[in-house]
Number of protein chains: 2
Amino acid sequence: MGRVVVEVMPKPEILDPQGKAVVGALPRLGFTQFTGVRQGKRFELEVDGEVTPEILEQARKAAEQVLSNPVIEDVVAVVDASEGVAAAAPQHAGPA
Amino acid sequence: MGRVVVEVMPKPEILDPQGKAVVGALPRLGFTQFTGVRQGKRFELEVDGEVTPEILEQARKAAEQVLSNPVIEDVVAVVDASEGVAAAAPQHAGPA
């Protein structure tokens, strides 16, 4: 069984209230090293069988059209994350 | 400036209504290859300077204590994602 991981982050110019809340909470809990936090989404898409280049292309389209809101979010990665392909370098899609 | 990426997913035995909604929507929009979807979270933690092993350890603790709810979520990755370290293999933390 194959798996594609899609990662979506708020665009840099977009305010990220969840990230702001986390970066405010961390120092109160003893984590003082972190100067900024942004929170995004991570999707795992399962497929029967192997992740072919066609499936990856479909996942890329689904990432742009369904899994992200292109007005406020960037798709930062669409990667084959099937068992045994764990070391694959992320394929960055669209502007980072 | 360094960056640590933390990835959190719902535990496999936990119902994931967001993922269920996505997997229901995809075929209606023409994406018929995907048999399952799970939705989790991706955090980018910024640090001044380099990501040292100590910072990575702190990020791991923050991931377990602040960024995830250990009752229903697993921390699936805590990775140095600073510029130029992009090809680093994910360091999986805790049970997958």
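On a predicted model such as this, the values are computed, not experimentally measured, just so you know. FYI, side chains are in, hydrogens and waters are out, and symmetry mates aren't considered; it's all heavy atoms of this structure. Below, chain A is the first sequence line, B the second, and so on; all start at residue 1.
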message: For Glu54(A), which atoms come within 4.5 Å of any heavy atom of chain B: side chain, backbone, both, or neither?
response: neither

- request: Name the option with the most non-hydrogen atom pairs under 4.5 Å to chain A; the candidates are Ile55(B), Thr35(B), Val66(B).
  value: Thr35(B)

ILVMFWY network linking Val5(B) to Val4(A), side-chain heavy atoms under 4.5 angstrom: no

- prompt: Among residues 18-25 of chain B, which residues come closer than 4.5 Å to chain A, judged by heavy atom distances?
  reply: Val22(B)

- prompt: Between Met1(B) and chain A, which part of the residue has a heavy atom less than 4.5 Å away: side chain, backbone, both or neither?
  reply: neither

field: Contact origin within Leu26(A) toward chain B - heavy atom pairs under 4.5 Å
entry: side chain

- request: Could you list which of residues 39-48 of chain B have a heavy atom closer than 4.5 Å to any heavy atom of chain A, in residue-number order?
  value: Gln39(B), Gly40(B), Lys41(B), Arg42(B), Phe43(B), Glu44(B), Leu45(B), Glu46(B), Val47(B), Asp48(B)

Distance in Å, Phe31(B) CZ paired with Leu67(A) CG, rounded so as to fall on 0.5 Å steps: 8.5 Å

- line: Counting heavy-atom pairs under 4.5 Å with chain B, the top scorer among Lys61(A), Met9(A), Gln65(A) is Met9(A)

task: Report yes or no: do Val75(A) and Leu29(B) belong to one cluster of Ile/Leu/Val/Met/Phe/Trp/Tyr joined by side chain heavy-atom distances under 4.5 Å?
output: yes

query: Does atom CD of Glu57(A) have more than 12 heavy-atom neighbours, drawn from other residues, nucleotides or ligands, at distances under 6.0 Å?
result: yes

